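So the structure is just underneath, and the comments pick up after that.
Note that the structure is predicted; figures quoted are calculated from it, not measured.
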Amino acid sequence: MLKNIISLKKILVAVAFMLTLQSFETKAAPGGYDPSFGTGGAVEFQMTNDFFINRTEVQKDGKILVAGYRKTGQTRQLVLRRHNRNGSLDTAFGFNGEAVEQLTSPLASYKYINLSAPSDIAVQPDGGILIGGNRLSTNGTKLGIAVWRFTPAGFLDNSFGKNGRKDFSNPLIELVDPTAAVETVIMTKSTVFGVEKTKIFVLCTYKNVGSYGIESGTLAESSGLIRLNLDGSYDTNFGQNGKIRLNGEFNDIAIYKPPFSLTDNLIYLAGIGEDSTLTVWRYTSVGLPDTSFGNAGRSSLPYDSIKKFKDVVVQKDGRVLLSGDVNPTAGIIISYVFRMQSNGMFEQQFGNTTTNGAGVISSPVSFNMDIGLQSDGKFIVGRTFSTERYLPDSSQDTAYVPSGGVNELLFFVIQKDNKLVAVANNWLSLVGYRSYTLRRLLAD
């Protein structure tokens with residue numbers, strides 16, 4: 001009997017050892033596909049028309065939003081879809097998983113909103129979904145720029161603006177130009193006298209300076225930052241009647257609240273200044289330049305040729321990560337990641353090289369501008385076909401081995417658990433973009 005017990009123990013130990021070994025062998029490295037997502041970490045969705053997905057966001061409940069446009073004839077129509085946490089399409093959202101404009105009743109026919117190149121998706125605390133872009137006529141003529149809000153169920157929210165849309169195209173109020181665009185839309189919470197209020201920030205360009213920042217004419221008052229109340233009205237306590245005019249083309253915004261600070265949110269704007277420099281402005285919560293930052297609220301880095309700041313992210317310690325393109329030699333675009341101190345000084349000891357006196361992370365493969373910040377201080381940078389992760393000291397994290405298989409430019413967002421959710425367009429030869437793939441990568 002004792003002998004049998006000893007033999008059984010040996011068998012159990014051996015089985016446990018084999019299971020441990022198998023678990024060790026099959027555990028994916030940081031950056032590997034998440035096996036709980038889709039099939040082996042990825043899921044592909046077919047589309048019926050030419051389209052382009054270029055934005056993604058993760059809701060508080062873990063559901064994933066993707067946005068882009070579908071091309072039908074001369075028009076571009078909004079694509080706003082929602083996926084479940086496992087990657088499957090959330091068919092309870094809108095009409096079979098896609099946001100729609102409700103006309104008269106739930107049984108009525110549906111139409112898509114004419115929209116091109118949607119901006120970042122913003123999700124309100126109550127689940128409402130904001131997205132900005134260009135309004136187009138049925139023949140493709142640009143009518144102006146606007147922000148739409150959808151309910152958590154995927155229908156236009158008629159309590160926002162006018163019938164779910166807030167226009168920024170009144171020539172008596174706004175600067176209007178054929179190249180106007182909504183660059184980004186984000187949400188922020190501020191606390192005033194113990195009352196927490198949610199605001200909507202919309203960053204617009206009214207006179208786009210062109211591809212990769214090639215100047216075309218004046219840059220005076222070519223961008224604007226707008227703050228709205230939740231109903232879509234202008235927040236008149238911000239800037240001048242809810243607006244800040246900016247000289248230059250500014251492409252991204254970040255909101256930061258210093259920890260253990262009595263001050264309210266700080267607002268960072270990144271782009272190209274009117275003097276053709278890579279520029280970051282910092283504003284206070286009431287829309288005034290923060291004079292404690294840089295030179296009277298502005299920090300700039302001069303460049304002689306093509307340039308573009310695109311993404312801006314603020315770390316927990318207040319330091320600012322920036323991604324951008326420069327062109328030091330004719331015809332060659334080089335992508336860099338910069339970091340500046342909380343006072344606006346560019347760090348010289350950052351990254352693996354320097355350019356114009358600023359330390360930068362440079363890669364032989366172009367970055368696609370996206371920066372994702374993880375809770376442990378590590379940050380991920382999108383490349384054309386993959387991602388790279390860096391440690392807080394800006395050295396590359398060699399333990400991070402991203403899975404490949406991305407067919408087109410990568411757009412991603414970091415979940416609360418530090419996993420990365422990415423969306424990529426799939427190009428079919430002689431056909432165009434007819435499918436997109438969602439992927440989720442492990443953090444550790």
Side-chain angles (χ1 to χ4, degrees), residues 30-31 211-214 248-252 254 268-273 275-282 293-295 298-374 376-402 404 406 409-410 412 414 420:
S211 177
Y212 287 104
I214 302 174
E249 181 191 356
F250 290 82
N251 308 106
D252 203 23
Y268 290 86
L269 297 162
I272 309 168
D275 56 355
S276 301
T277 60
L278 295 170
T279 298
V280 176
W281 276 99
R282 189 167 79 186
F293 177 82
N295 182 11
R298 173 179 179 167
S299 180
S300 299
L301 193 66
Y303 259 97
D304 298 328
S305 190
I306 299 172
K307 57 273 172 185
K308 196 179 193 73
F309 265 157
K310 184 61 178 178
D311 201 7
V312 54
V313 176
V314 186
Q315 300 179 166
K316 289 182 179 180
D317 60 5
R319 290 187 291 180
V320 183
L321 291 168
L322 300 142
S323 63
D325 277 353
V326 299
N327 184 18
T329 57
I332 301 176
I333 302 297
I334 299 179
S335 303
Y336 291 131
V337 177
F338 305 76
R339 188 164 68 189
M340 59 170 53
Q341 296 287 343
S342 58
N343 61 4
M345 296 292 293
F346 284 90
E347 293 187 7
Q348 296 184 353
Q349 305 303 317
F350 176 78
N352 53 17
T353 186
T354 60
T355 177
N356 280 35
V360 294
I361 294 174
S362 178
S363 172
V365 181
S366 294
F367 295 124
N368 78 334
M369 302 297 191
D370 283 351
I371 301 175
L373 189 62
Q374 295 187 327
D376 57 2
K378 298 174 184 177
F379 57 94
I380 296 176
V381 180
R383 298 192 316 190
T384 303
F385 299 106
S386 186
T387 55
E388 295 176 356
R389 188 165 74 180
Y390 293 87
L391 302 174
D393 65 1
S394 75
S395 61
Q396 189 168 353
D397 185 358
T398 56
Y400 182 80
V401 183
V406 179
L409 197 61
L410 187 71
F412 69 86
I414 305 296
L420 180 148

| task | Taking the side chain as every heavy atom from C-beta outward, state whether Glu388 and Gln396 have any atom pair closer than 4.5 Å. | result | yes
| field | Pairwise side-chain contact, Gln315 with Leu321, heavy-atom cut-off 4.5 Å (strictly under) | value | yes
| message | Tell me the closest heavy-atom pair linking Ile414 and Gly372, and the distance in Å. | response | CG1-CA, 3.6 Å
| task | Measure from the side-chain N and O atoms of Arg298 to the backbone N and O of Gly273, and report whether any donor-acceptor pair falls under 3.5 Å. | result | no
| task | Would you please test Ser323 and Val381 for side-chain contact (heavy atoms from CB on, under 4.5 Å) and show each step? | result | CA-CA 9 Å; Ser323 63; Val381 180; 5.8 Å; no
| query | Is there side-chain contact between Val360 and Thr354, with heavy atoms separated by less than 4.5 Å? | reply | no
| message | Under the criterion side-chain contact (heavy atoms from CB on, under 4.5 Å), I'd like the reasoning laid out for Val320 against Val313: C-alpha separation, chi angles, the key distance, then a yes or no. | response | CA-CA 6 Å; Val320 183; Val313 176; over 6 Å; no
| request: Indicate whether any N or O donor in one side chain lies under 3.5 Å from an N or O acceptor in the other, for Ser300 and Thr279. | output: yes
| query | Do the side chains of Tyr400 and Ile380 get nearer than 4.5 Å, heavy atoms only? | reply | yes
| Under 6.0 Å between the ring centres of Phe293 and Tyr268? | yes
| request: Quick one: closest heavy-atom pair of Gly351 and Ser394, and the distance? | output: N-OG, 2.9 Å
| Does Pro302 offer a backbone N or O that forms a donor-acceptor pair with the side chain of Asn356 under 3.5 Å? | yes
| request: Kindly assign one of parallel, tilted or perpendicular to the pair Phe309 and Phe346, based on the angle between their ring planes and the thresholds 30° and 60°. | output: parallel
| said: Nearest 0.5 Å, please: how far is CD1 in Ile371 from NZ in Lys310? | reply: 12.5 Å
| request: Evaluate the criterion side-chain contact (heavy atoms from CB on, under 4.5 Å) for residue pair Ile361 and Tyr336; output intermediate values, then yes/no. | output: CA-CA 6 Å; Ile361 294 174; Tyr336 291 131; over 6 Å; no
| message | Determine whether a donor-acceptor pair (N or O, by modelled atom type, separation under 3.5 Å) exists between the side chain of Asp252 and the backbone of Val312. | response | yes
| Does Pro392 reach the side chain of Lys378, with side-chain heavy atoms less than 4.5 Å apart? | yes
| message | Between Arg319 and Met340, is there a side-chain heavy-atom distance shorter than 4.5 Å? | response | no
| remark: Correct closest heavy-atom pair for Gln348 and Gly357 would be CG-O, 3.2 Å
| said: For Phe250 versus Gly271, what's the shortest heavy-atom pair and its separation? | reply: CD2-N, 3.5 Å
| message | Looking at Asp393, I want to see if its CG is surrounded by more than 12 non-hydrogen atoms of other residues, nucleotides or ligands under 6.0 Å. | response | yes
| Should Ile272 and Thr277 count as side-chain neighbours, where that means a heavy-atom distance under 4.5 Å? | no
| field | Check: Leu322 and Val280 side chains under 4.5 Å, non-hydrogen atoms | value | yes
| said: I need the minimum non-hydrogen distance between Phe379 and Leu391, along with the two atoms involved. | reply: CE2-O, 3.7 Å
| said: Restricting to non-hydrogen atoms, name the atom on Ser299 and the atom on Gly344 that form the minimum distance, rounded to 0.1 Å. | reply: OG-O, 2.5 Å
